[in-house]
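First the proteins, then the strands, lettered A, B, ... as listed; each starts at 1.
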Amino acid sequence: MNLEETKNMGKTLFDKIWDAHVVSTKEGFPDILYIDTHFIHEVTSPQAFNGLRQRGIPVFRPKQTVATADHNVPTLHQDQPIKEELSRLQVEMLTKNCAEFGIELYGLGHPYQGIVHVIGPELGITRPGCTYVCGDSHTSTHGAFGAIAFGIGTSQVEQVMATQCLLQQRPKRMKIEVNGQLQKGVGAKDIILYIISQISAAGGTGYFVEYAGDTIRSLSMEGRMTICNMSIEMGARGGLIAPDQITFDYVEGREFAPKGDAWDKALAYWKTLFSDDDAVFDKVYSFRAEDIAPMITYGTNPGMGIGVDEKIPDAGQFSDQEQLSYKKALQYMGLQDDTPIEGHPIDYVFIGSCTNSRIEDLRQVAEFIKGKKKADDVTVWVVPGSKQVEQQAIKEGLDKVFEAAGFGLREPGCSACLGMNEDKIPAGKYCISTSNRNFEGRQGPNSRTFLASPLMAAAAAVTGKVTDIRELI
Amino acid sequence: MATKTFQYIQSGVVPIPTENIDTDQIIPARFLKATTREGFGNNLFRDWRYDSDNKPITGFVLNDNTFSGKILVGGKNFGCGSSREHAAWAISDYGFDVVVSSFFADIFKGNALNNGLLPVQVSEAFLQKIFAAVFNDPSTELEVNLEKQTITLLSTGESEEFEINPYKKACLINGYDDIDYILSNIDKIEEYEKR
C-alpha cells in the first residue's frame, strides 16, 4: 500500500480520537498523548504524589484531575471515622494530597462521592471524543461514550499528574459486532461475559476494541458502560462505542456537560465520531445475540463462562498444559468438570461494582424481587455505585423493596468486588456477584465467585442456588 | 529521575507454570493499603505462599529452597487483571529482575518496564522447554541479554530473541525515566493546549 492510499483510507473511531490527542510523535518513540481528564482514587495515587514531591513539581493541570475515595471505604456508617487504621490513613492521605496539589475531591460525605467509573459519567465529566485515564483497569467503562479511556499504573499516574500526557504506543484495533435480538432475561452483562468466554481472557490483549452492531446500539448508556467496563477482562486496554442520540441525550444537562453554544459546538463534533465505512480493523469478531444465554462463570478468570443451562466443560478437551491450570481452577472452586452448574448452592449475593451498580441495575433487581424474599441462608449486599445512585434509589422507594426482600442496601464504594474493605466473602463460600473478576481470593481469601448479571444474581438470591432467570420471568 | 537499570543477567529460575496468573494473585488487594512503594515483596503471591494461619504452604515454589534465582518464569497471560503497579513492585521487591512468560498482559508489562523489571516474552515452545529443564534440573540457569535482545537456556544453549520497544530498551539500559522525557516536551504540550 503506498502512502497516498493510506492517507485516503477511512479511519476508525479510535484513530480519529487518538490522532486528535497526539501532542508529538517521533519514530521509535511511543506517542505523547494528551489526556483530557485524569481520575484518581486513594489506592493508586499516594506513591505518585510522593514522586511529584521528590521531583519538586506540581500537578500540571489540577483542574483536569478529579478525585474520589472508593476502593478502600466502608459501605456502612460512612458518616463515622473509618475504623480500620490503614484504610483510614490511605483515605486521609488522599484528602491531604488533593488539598496540597489543588485537586477537587469528591470524598466520603460529598454528595458526588462514588465509584470513579460511576461518578464520571453521571456528572457529565465523561463525554464523547475525549481521553480519560485512571489508575484502575476498569477505566475502559468511559469508552461507552465514544471516548478513549484506559487504566494505567501508578508511575503513569505520576506521569499524567506531571504533564497531563502519557507516553503510549498506539494499540491495534479490533471490532466486535453483536447483531440480533436478545432473549428475554439476557442483557449487557451476559453479552460481555459471552464475548469473553468466546475469545478468552487474553483474546483482546494488544487491542483497543470497538463494539458495534444493532444489539449494542439498542443498549442504554448504562448497558454500554457494562460492556466497555469488562474490555480489560479479555486483555484489551479499552473498548468504545460510537456515540449516538442515546449518548447525547444521556450527557445533555448533566452537571459538568457543556451548555449553550459550547453544547452545540460539542454536539457538532461528536456527530463526526464514528468509524468510516472503509476503516480497517486488525481483527473482527461477529456474534449473534440469539446465541447468548444468561451467563455465569465457573472458574477463576472471566473467560471461564458458560450459559447457565450448560455443563462445566470436560477437562479432556484441553491440552496437557492447559489442563494443569484448568484443574487448579475447578479445584479452587470446588466444582466438577462435565457437570451442570445450574442448581449449585450459593451463600452470598453481591450486587454492585463499577460493572453493575447503576440505577438501572438497581431498578431491574428491585422490579424482579418485589413481593419475593431472599432464601433464608443467603446474605445479600446491594452496594450502589455512588451517592447519587443511592439517593435516587431511595427517592424511588427501591430501598423499601430491598428491605422487604431481605436485601441490605449499603453505601457506595467498590466493596466486595475486591474486598479491600471489610466486605469480604468468607473462605470457601460461594458468591454470585455482578462484579467483573472471579480470580482466586478476589472477594476475600479463598472465596469463590460466580460472575453474572444483576438479574441472575437476584434470581439466585431468591432460590439460594444458581438459577436460570428465564424460568422465573 | 534516574531509575533502576538493566543490561544483562545470568541466573537461576523460579518456575510457576500456572497460566493466567493475575495481579490479584501476585499481590492481593488487602495489601494495597500502603502509601509507599517498598515492602510488597513480603506479600508476593501471599495466598499461594501462606495459609490462613500465616504458615508457609509446602509445595509452593517460593517456599521450596530447590528453586532460586532472579528470574521468575510464569505460564501464559502473566499479569492479567488489575492495573495495580504494586504487582511489579512486589516482584521486584522480592528480588526478581526478569519475568519470563509466553504472553504478558499489557498493563503489567508497562508497569514492569517502568520499574526496571524486564518482561521477556518467549514462544510457548521455548517456555515449555524452560519449565522442563528447570523441573528436571533446578540448577538450570538462563541468560538474558537486553542489548542483544536474547534469552538463552544455558544447559542446552538454545536461544530466542525477544522484542522490546527501542525507547523502553534505552530507558532500561540507561535508567531514563518517562517523566523526564515528557517534561522535556512541555512546550509542545502547552502548544497543543492552545490549538
> Asp106(B) versus Phe150(A): any side-chain heavy-atom pair under 4.5 Å?
Replying inline: no

> Quick one: CG on Leu86(A) to CG on Leu32(B), what's the gap to the nearest 0.5 Å?
Replying inline: 11.5 Å

> Do Glu193(B) and Tyr34(A) have side-chain heavy atoms sitting under 4.5 Å apart?
Replying inline: yes

> Considering only heavy atoms, which portion of His71(A) lies under 4.5 Å from any heavy atom of chain B: side chain, backbone, both, or neither?
Replying inline: neither

>> Is there a side-chain contact between Trp48(B) and Glu440(A) in this structure, where contact means two heavy atoms from C-beta onward sitting under 4.5 Å apart?
In response: yes

>> So for Arg437(A), is it side chain, backbone, both, or neither that comes closer than 4.5 Å to the heavy atoms of chain B?
In response: side chain

> Roughly how far apart are Lys188(B) NZ and Thr163(A) OG1, rounded to 0.5 Å?
Replying inline: 13.0 Å

> What part of Phe49(A) is in contact with chain B, defined as an atom under 4.5 angstrom from a non-hydrogen atom: side chain, backbone, both or neither?
Replying inline: neither

>> Quick check: do Ile32(A) and Tyr192(B) have side-chain heavy atoms less than 4.5 Å from each other?
In response: no

>> At a 4.5 Å cut-off on heavy atoms, which part of Gln321(A) comes close to chain B: side chain, backbone, both, or neither?
In response: both

>> Quick check for you: to the nearest 0.5 Å, what is the distance between Asn77(B) atom CG and Ser200(A) atom OG?
In response: 7.0 Å

> Relative to chain A, which segment of Ile186(B) carries a heavy atom at a distance below 4.5 Å: side chain, backbone, both, or neither?
Replying inline: side chain

> Which pairs with one or both residues in residues 415-424 of chain A pass salt bridge (charged side-chain N to carboxylate O under 4.0 Å, His left out), sequence neighbours excluded?
Replying inline: Arg410(A)-Asp423(A)

>> Which atoms of Tyr181(B) are under 4.5 Å from chain A, going by heavy atoms: the side chain, the backbone, both sets, or neither?
In response: side chain

> Could you state the interatomic distance from OG1 (Thr154(A)) to NE2 (His86(B)), rounded to the nearest 0.5 Å?
Replying inline: 5.0 Å

> About how many Å separate CD of Gln47(A) and CH2 of Trp89(B), when rounded to the nearest 0.5 Å?
Replying inline: 3.5 Å

>> Is there a side-chain contact between Leu183(B) and Ile57(A) in this structure, where contact means two heavy atoms from C-beta onward sitting under 4.5 Å apart?
In response: yes

> Considering only heavy atoms, which portion of Gln169(A) lies under 4.5 Å from any heavy atom of chain B: side chain, backbone, both, or neither?
Replying inline: side chain

> Given that the side chain runs from C-beta out, which part of Asn114(B) has a heavy atom under 4.5 Å from chain A: side chain, backbone, both or neither?
Replying inline: both

>> Between Asn111(B) and chain A, with a heavy-atom cut-off of 4.5 Å, which part of the residue counts as in contact: side chain, backbone, both or neither?
In response: side chain

> Taking only residues at least two apart or on different chains, which pairs with a member in residues 79-90 of chain B satisfy salt bridge (charged side-chain N to carboxylate O under 4.0 Å, His left out)?
Replying inline: Asp24(B)-Arg84(B), Arg37(B)-Glu85(B)

>> Check whether Asn50(A) reaches the backbone of Thr35(B) with its side chain - one donor and one acceptor, N or O, closer than 3.5 Å.
In response: yes

> Tell me, side chain or backbone of Ala20(A) under 4.5 Å from chain B's heavy atoms, or both, or neither?
Replying inline: backbone

>> Given heavy-atom pairs under 4.5 angstrom as the criterion, report whether the side chain, backbone, both or neither of Glu38(B) touches chain A.
In response: neither

> So which residues of residues 118-135 of chain B are in contact with chain A at a heavy-atom cut-off of under 4.5 Å?
Replying inline: Glu124(B), Gln128(B)

>> Please list all pairs meeting salt bridge (charged side-chain N to carboxylate O under 4.0 Å, His left out) that have one or both residues in residues 41-58 of chain B, counting only residues at least two apart or in different chains.
In response: Arg30(B)-Asp47(B)

> Where on Val22(A) is there a heavy atom nearer than 4.5 Å to chain B: the side chain, the backbone, both, or neither?
Replying inline: backbone

> Do Arg195(B) and Val23(A) come close enough that some side-chain heavy atom pair is under 4.5 Å?
Replying inline: no

> Under a 4.5 Å heavy-atom cut-off, does chain B meet the side chain of Leu324(A), its backbone, both or neither?
Replying inline: side chain

>> Under 4.5 Å from any heavy atom of chain A, what part of Lys76(B) do you find: side chain, backbone, both or neither?
In response: side chain

>> Rounded to the nearest 0.5 Å, what separates atom CD1 in Ile21(B) from atom OG in Ser325(A)?
In response: 8.0 Å

>> Is there a side-chain contact between Ser155(A) and Asp178(B) in this structure, where contact means two heavy atoms from C-beta onward sitting under 4.5 Å apart?
In response: no

> With only heavy atoms counted, which part of Glu19(B) is less than 4.5 Å from chain A, the side chain, the backbone, both or neither?
Replying inline: both

